[in-house]
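Input: a single structure, listed below in structure tokens.
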Amino acid sequence: MVWWEQGLRLLLAVVIGCVIGMERERKNRPAGLRTHVLVCVGASIIAIMESLIISDTISLNMNNMNTGIAVSYGRISAQVVSGIGFLGAGTIFISQKKIAGLTTAASLWNVACLGLAVGMGYYTLAVAGCLIVVITLALLQRVVHVNAVKHVEIKFIHRVETIAFINDYFQSIGVNVLDIDFHVENKGKYNLYTNIYTLDMQGKATYKDIVNKLSEYANIQGVRTRNT
């Protein structure tokens, strides 16, 4: 393998790491642009090194009338695929019983695999894999809609009319109320009610739309999203 081909493979690894890393960076995920580039380039270096070892071994055997020197192809690369799990685990965290970072961990593992593909010279496979990963991260969630259970905490006064407004609004946007947890505080002249709604988000309703709309109602004192 000539020097310029090694450089080309490393450059392509940088590009692939950038493309996937930028998508994660845009969504403010734990591992962003630099992490993905470094993982992809590192995996590519390992693959290039392994390819060079194989090439040198073959050349050595040919020049020395088959000395019997052998090398196990793929052992170093296999350690990259398994070892990247430790880095991926570092992007996964649990907060209030909610697991986050799984997708970023999966993207890191894919970037390592793509780096190996680039380093070994499988350019078409690497580019195709990069496109699939980017499409999955950026577009799949918009194309395939999955109903999600969300939690919204609403603080309000004037219980009867406000609850009627909230229920009518949820019904109008196609959101099903699965459960309600409530709390009442006496503020002297009035009662402050706190309802925590467990919502089955259907259709095109989003957290942002719900918070903005409910915040406009005069009787509602505060709205916030919750993980539990």
Side-chain angles (χ1 to χ4, degrees), residues 1-60 69-146 148 227:
M1 187 192 308
V2 294
W3 65 269
W4 60 264
E5 187 173 2
Q6 297 177 37
L8 177 63
R9 293 183 184 187
L10 290 174
L11 180 60
L12 183 57
V14 171
V15 172
I16 289 176
C18 279
V19 171
I20 298 175
M22 286 175 64
E23 195 281 336
R24 295 285 85 191
E25 191 88 37
R26 185 175 60 84
K27 294 184 178 179
N28 196 29
R29 293 301 186 253
L33 176 64
R34 292 179 298 176
T35 304
H36 282 78
V37 170
L38 290 173
V39 168
C40 196
V41 170
S44 181
I45 291 173
I46 292 296
I48 293 172
M49 183 178 68
E50 194 164 60
S51 298
L52 291 173
I53 291 173
I54 297 297
S55 177
D56 290 343
T57 303
I58 293 174
S59 177
L60 184 63
I69 298 175
V71 62
S72 179
Y73 189 63
R75 293 186 67 179
I76 303 178
S77 299
Q79 302 310 308
V80 174
V81 176
S82 59
I84 196 64
F86 291 97
L87 184 59
T91 68
I92 302 172
F93 59 92
I94 301 176
S95 176
Q96 298 181 357
K97 299 181 181 179
K98 180 181 178 182
I99 299 175
L102 285 173
T103 303
T104 300
S107 70
L108 281 173
W109 186 80
N110 272 275
V111 163
C113 295
L114 292 173
L116 291 174
V118 171
M120 291 180 179
Y122 299 108
Y123 305 122
T124 302
L125 177 63
V127 172
C130 178
L131 291 175
I132 292 173
V133 171
V134 171
I135 290 172
T136 301
L137 291 174
L139 301 178
L140 190 60
Q141 193 173 19
R142 301 178 185 178
V143 176
V144 180
H145 297 284
V146 179
N227 292 326

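We number each residue from 1, following the sequence as shown.
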Spacing of [atom1] belonging to [X] relative to [atom2] belonging to [Y], to within rounding of 0.5 Å:
| X | Y | atom1 | atom2 | result |
| --- | --- | --- | --- | --- |
| Y123 | L8 | OH | CG | 5.0 Å |
| S55 | E50 | OG | CD | 13.0 Å |
| M120 | S77 | CE | OG | 3.0 Å |
| S107 | L137 | OG | CG | 6.0 Å |

Can you name the nearest heavy-atom pair linking A112 to A43, along with the distance?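 That closest heavy-atom pairing would be O-CB, 3.2 Å.
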Heavy-atom pair with the smallest gap, counting every atom of G17 and V37: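 Nearest heavy atoms, G17 then V37: C-CG2, 3.7 Å.
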Answer whether the closest heavy-atom distance between the side chains of [X] and [Y] falls below 4.5 Å.
| X | Y | result |
| --- | --- | --- |
| I48 | L10 | yes |
| V118 | C40 | no |
| V2 | E5 | yes |
| E23 | V133 | no |
| L114 | I20 | yes |

Test applied, side chain to side chain contact (heavy atoms under 4.5 Å, CB included); reference residue, H36; option that passes from L108, N110, I16, V14: L108
Which is it for C18 and L33 under the side chain to side chain contact (heavy atoms under 4.5 Å, CB included) test, yes or no, and what are the steps along the way? CA-CA 6 Å; C18 279; L33 176 64; 3.9 Å; yes
